[in-house]
2 protein chains.
Amino acid sequence: MVTLAEVARHAGVSASTVSYVLSGKRSISAPTRERVEHSIKELGYHPNAGARALASSRSNIIALMVPLRTDMYVPVMMEIAIAVATTARSHGYDVLLLTGEEGPAAVRRVTGSGLADAMIVMDVELEDERLPLLHAARQPTVLIGLPADTVGLTCVDLDFTATGALCVEHLAALGHREVAIVGEAPAVYERHTGFAERTLEGLRRRAGELGVRLLHRPCQGSYESMDGTLSRIFDERPGTTGFVVQNEAAIDPLLSLLRRQGRAVPEDVSVVAVCPEQVATQASVRLTSVAVPAQEMGQRAVELVVAKLEGNASGEQVALLAPELTVRASSGPAPGTA
Amino acid sequence: MVTLAEVARHAGVSASTVSYVLSGKRSISAPTRERVEHSIKELGYHPNAGARALASSRSNIIALMVPLRTDMYVPVMMEIAIAVATTARSHGYDVLLLTGEEGPAAVRRVTGSGLADAMIVMDVELEDERLPLLHAARQPTVLIGLPADTVGLTCVDLDFTATGALCVEHLAALGHREVAIVGEAPAVYERHTGFAERTLEGLRRRAGELGVRLLHRPCQGSYESMDGTLSRIFDERPGTTGFVVQNEAAIDPLLSLLRRQGRAVPEDVSVVAVCPEQVATQASVRLTSVAVPAQEMGQRAVELVVAKLEGNASGEQVALLAPELTVRASSGPAPGTA
DNA sequence: AGAGGCCATCGAAGCGCTTCAACACACCGC
DNA sequence: GCGGTGTGTTGAAGCGCTTCGATGGCCTCT
C-alpha cells in the first residue's frame, strides 16, 4: 500500500505539498506539480478513502435508498439507480446502495456514522416515516418522489398531476367520453405512494373539467388480474373507448386481452400509457405515452445533491419535470366521431 | 458529533474499553459493558466510519459492479442487486454500487483506495478485461457469472449448460423433434457473455444426444424483432413444435404472436422459458420454465465473499446452482404423438 | 535599499478509532 | 504467603490524510 508520505519522499517534497497537488486547494508551481504527479503515477498511488474521510470529514459517498418492494415497476428503479450512480461518479462521488428494508434505521446509521455525505431517497410515501429523520440530519438530502409536505425539502419528480391531466386531455380531444384507468396494484395506493395518487388526482380533475367519465381500477399487472379487471370495466361501462395505463406490467396483458376480445387498437379503443419510452416503443402496438424520465430524474437528483454539498444550495425546492405526451399508434378518434 | 472519547468519559472508562465493548474482541465485565452501552444510547453515539476504516483498514463495505448495459434483462440484475444489498447488511456490510461504465478503472480505484473490503462482479464476460485486475487485487472477489477460465476465482452462477440440457430433455420427452431457440440479443453473444453461450452449448449437446433438431435465432425482445424472428423460424423449419426462450423480454411477444398466428400453446407448440418465477407465472400462459434464481445468486455471492473476508476462505471454488424445471401450462406432447 | 506583498512550500497538529503491550487485581494451589 | 494464571482495563502509538499557520524567497513599490 503506497501512502502519501512515500509519494512525498519519492518526489522530494513534503506530504502537504502532495496533498495540495491532489486537491488543488493551494497553488503549486508547475515543476513541483509535475514531479509529484509523476511520482504518483510511478508508484501507483491511490489515496486511502478512510484516511481521507477522517481528515476531511467528507466521504465522497452519496447514499441511495431504494425500495425493495416488488410491487413497484422495477426497471424504472433500476434505471434511476444507474443514472444516479453514473452521474454521481461524474461528480466524483460513489454511491452506497441502501435498501428500504432497514427503513428509518438506515438513515440514522448513515447520517450518524458519516458514511455518506448526502442521501437520495426513492419511492417516497406521502407521509414517509423517514422524513423527520431526514429533516434532522445535517446531511443534504434529495427525494425522488413527492411527499405530502415538502417544506424544507428538495424533491425531484415527474409532475404526475399534470401527467394525468395530459392523458385525459389527449383522449378527450379525440372524442373519448368514457375512459378507464388501469391503475397500480392496490398495495401501492394503500401505502399512499405520491405518484399514484397524484396521477389519479390529475386525471380526475381534468376529466371533470372536460366532461369525461372516469373509471379507476387498480390492477396487479399479471395477465390474470388484468383479465378480471378488464371484464369488470366493460361490465360497468360498456361504452368505454379510452384507457390510461399507469402500471407498466399491465400494458402487455391489456393489449393482448383487447386483441383477443376482438377490440382493435386504436380503432375501437385508444390506449395511453405512462411508462418509459422503451416500453412504449416495444409493445405490440406502438403506444401513445407519457414518458417517465427515469434517467433525468436520477441525474437531476444527483445534481441537486451535489449543489447542496458544494454550497450552491438553492435551499428548499421542488423540481417537477413537465410531462410530455408522444402520440403513437395506440390512440385515435373515438368510434363514431366525425 | 459524539465521539468514542466522549462516551468513555461519560461512562467513566477508557476509550479502549468502549472500543472493546463495541467490537467484542476482548472480554469486558458485565457491569462495565452495561455502563458503556447505556452511555452509548444516552449520547446517541455512532462510530465514525472513516476513523474506523483508517484504524482497522476495514471499511465494511462490499463493492458491487453492475453492468449498465440495457440489453441485459434488467429485473434480474435489480433482483440480484437487492439480494446482495440485503444479505450484505445482515452480515454487517454496506454495498457500494459501481456501474460497468468505469470498467477496469473502477476496480483499480476501489481496490487501491481501500474503499471496499471486497468486490462482487456481475455480468462477467468469458474473457473479461477486469479479471487480471481482480486476480491482482488483494481484496476477495466473487463473480456472478462464469468466465472462460475460473482458475483462482470464486464464482456463483446458475448452471446454464445444465439448464439448456434440461429444456431440451423436457421437450424431447414430450415428443418434440424440432425445437427453436429464441435467444438473447445478438450483442449479448458478440460480447461472449458466459450464460448465453453456455445455455446454447447445453442445448446443442443434449439435442444432439437426443436426436432433436435445433434452430437458434438471437432476438432483441421487441415485438417487431420477435415477429421477424418467428417468421424466419417457421420459414426454415415449418415443423417446429418446441420453443426455448432465453430472452425474457421476448416472452410476451412470442406468446402473443403465436396466438395471433393461430398456433395454440401447448396444443400446437410448446414453450419452455428460462426466466424468473414471477415472469413465468404472470405471462398470458403459465410457463413451463427453468427459474433464474436471482435472489439466491445474490445471497450466495455475499456469503462467499463474507466467508473469504472472515478467513473461512475455501479458496477457489465455483458454485453452480442446479437448474430446476417447473412444468406449467405452456408445454405438452408434440402434435401427432401417441 | 528597505518595507511590503505574494507565492510556493513545509511542519505539525489533529481527525476518531483500533490494537498492542502492559498493568492491576483477584484467585488458585501448595 | 508466594509464584503462577487469568481476567478486566488502560495508555499510548499509530492508521494516512487534510489543513492551518508559519517560513522563506523573490518581486515590486517608493
Side-chain angles (χ1 to χ4, degrees), chain A residues 1-37 39-40 43-61 92 109-117 138 309, chain B residues 1-37 39-40 43-61 92 109-117 138 309:
Chain A
M1 205 61 300
V2 187
T3 70
L4 182 145
E6 299 177 47
V7 174
R9 204 172 316 129
H10 186 273
V13 297
S14 77
S16 41
T17 303
V18 178
S19 179
Y20 287 125
V21 167
L22 251 26
S23 68
K25 294 196 179 172
R26 275 195 193 183
S27 57
I28 298 288
S29 69
T32 309
R33 190 180 331 113
E34 275 154 30
R35 207 140 34 84
V36 170
E37 277 163 358
S39 296
I40 288 178
L43 300 178
Y45 168 71
H46 281 271
N48 177 299
R52 215 164 220 204
L54 176 56
S56 65
S57 28
R58 294 292 237 93
S59 64
N60 286 309
I61 289 181
R109 195 165 55 80
V110 169
T111 60
S113 67
L115 231 187
D117 296 335
R138 69 210 130 294
L309 282 170
Chain B
M1 204 61 298
V2 188
T3 70
L4 183 144
E6 299 177 46
V7 174
R9 203 174 316 128
H10 185 272
V13 297
S14 76
S16 39
T17 302
V18 178
S19 178
Y20 286 125
V21 167
L22 249 28
S23 69
K25 293 197 177 171
R26 268 188 201 192
S27 56
I28 299 288
S29 68
T32 309
R33 190 181 331 114
E34 277 154 28
R35 207 141 34 84
V36 171
E37 277 163 357
S39 298
I40 288 178
L43 301 179
Y45 168 70
H46 281 272
N48 177 299
R52 216 168 220 201
L54 176 56
S56 64
S57 29
R58 293 293 235 91
S59 64
N60 287 307
I61 289 181
R109 195 164 55 83
V110 169
T111 61
S113 67
L115 232 188
D117 296 336
R138 69 210 133 293
L309 282 171

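In what follows, every chain begins at residue 1, and chains take the letters A, B, ... in the order their sequences are listed.
- Using modelled atom types and a 3.5 Å distance limit, the side chains of B:Thr17 and B:Ser14 yield a donor-acceptor pair.
- Heavy atoms of B:Ser19 sit under 4.0 angstrom from at least one base atom.
- Taking atom CG of B:Leu22 as the reference point, atom C1' of C:dG16 lies 12 Å away to the nearest angstrom.
- Looking at heavy-atom distances under 4.0 Å, B:Thr17 makes contact with a base.
- Contact record, B:Gly12 with B:Arg35: O-NH1, 4.2 Å, taken as the closest heavy-atom pair.
- Contact annotation for B:Ile28: backbone-only contact, meaning every heavy-atom pair under 4.0 Å involves sugar-phosphate atoms and none involves a base.
- Phosphate contact (OP1/OP2 of C:dT18, side-chain N/O of B:Lys25, threshold under 4.0 Å): absent.
- Residue-to-nucleotide contacts include a donor-acceptor pair under 3.5 Å from the side chain of B:Tyr20 to the base of C:dC20.
- When heavy atoms are screened at a 4.0 angstrom cut-off, B:Thr32 is found touching the sugar-phosphate backbone but no base atom.
- For the side chain to side chain contact (heavy atoms under 4.5 Å, CB included) with B:Val7, the lone residue among B:Val13, B:Leu22, B:Leu43, B:Val21 that qualifies is B:Leu43.
- Counting distance only, with no hydrogens placed and no angle test, the side-chain atoms of B:Ser16 and the base atoms of D:dG11 include a donor-acceptor pair under 3.5 Å.
- With hydrogens and angles ignored, a donor-acceptor pair closer than 3.5 Å exists between the side chain of A:Arg26 and the base of D:dG21.
- Side-chain atoms of B:Arg26 do not come within 3.5 Å of backbone N or O of B:Tyr20 as any donor-acceptor pair.
- The side chain of B:Ser29 sits closest to D:dG8 out of D:dT18, D:dG8, C:dG16.
- Checked by atom type and distance alone, the side chain of A:Ser113 never pairs as donor or acceptor with a backbone atom of B:His46 at under 3.5 Å.
- A:Arg35 places its CZ atom 12 Å from the C1' atom of C:dA8, with the value rounded to the nearest Å.
- The phosphate of D:dT10 (OP1 or OP2) has a side-chain N or O of B:Ser14 nearer than 4.0 angstrom.
- In the set C:dA8, C:dC10, C:dG16, the nucleotide with an atom closest to the side chain of A:Ser27 is C:dA8.
- Per the geometry, CZ belonging to B:Arg33 stands 14 Å off P belonging to D:dT7, to the nearest Å.
- Distances shorter than 4.0 Å separate some side-chain N or O of A:Arg52 from OP1 or OP2 on D:dT18.
- When the side-chain nitrogen and oxygen atoms of B:Ser57 are compared with OP1 and OP2 of D:dC15, none of them lie within a distance under 4.0 Å.
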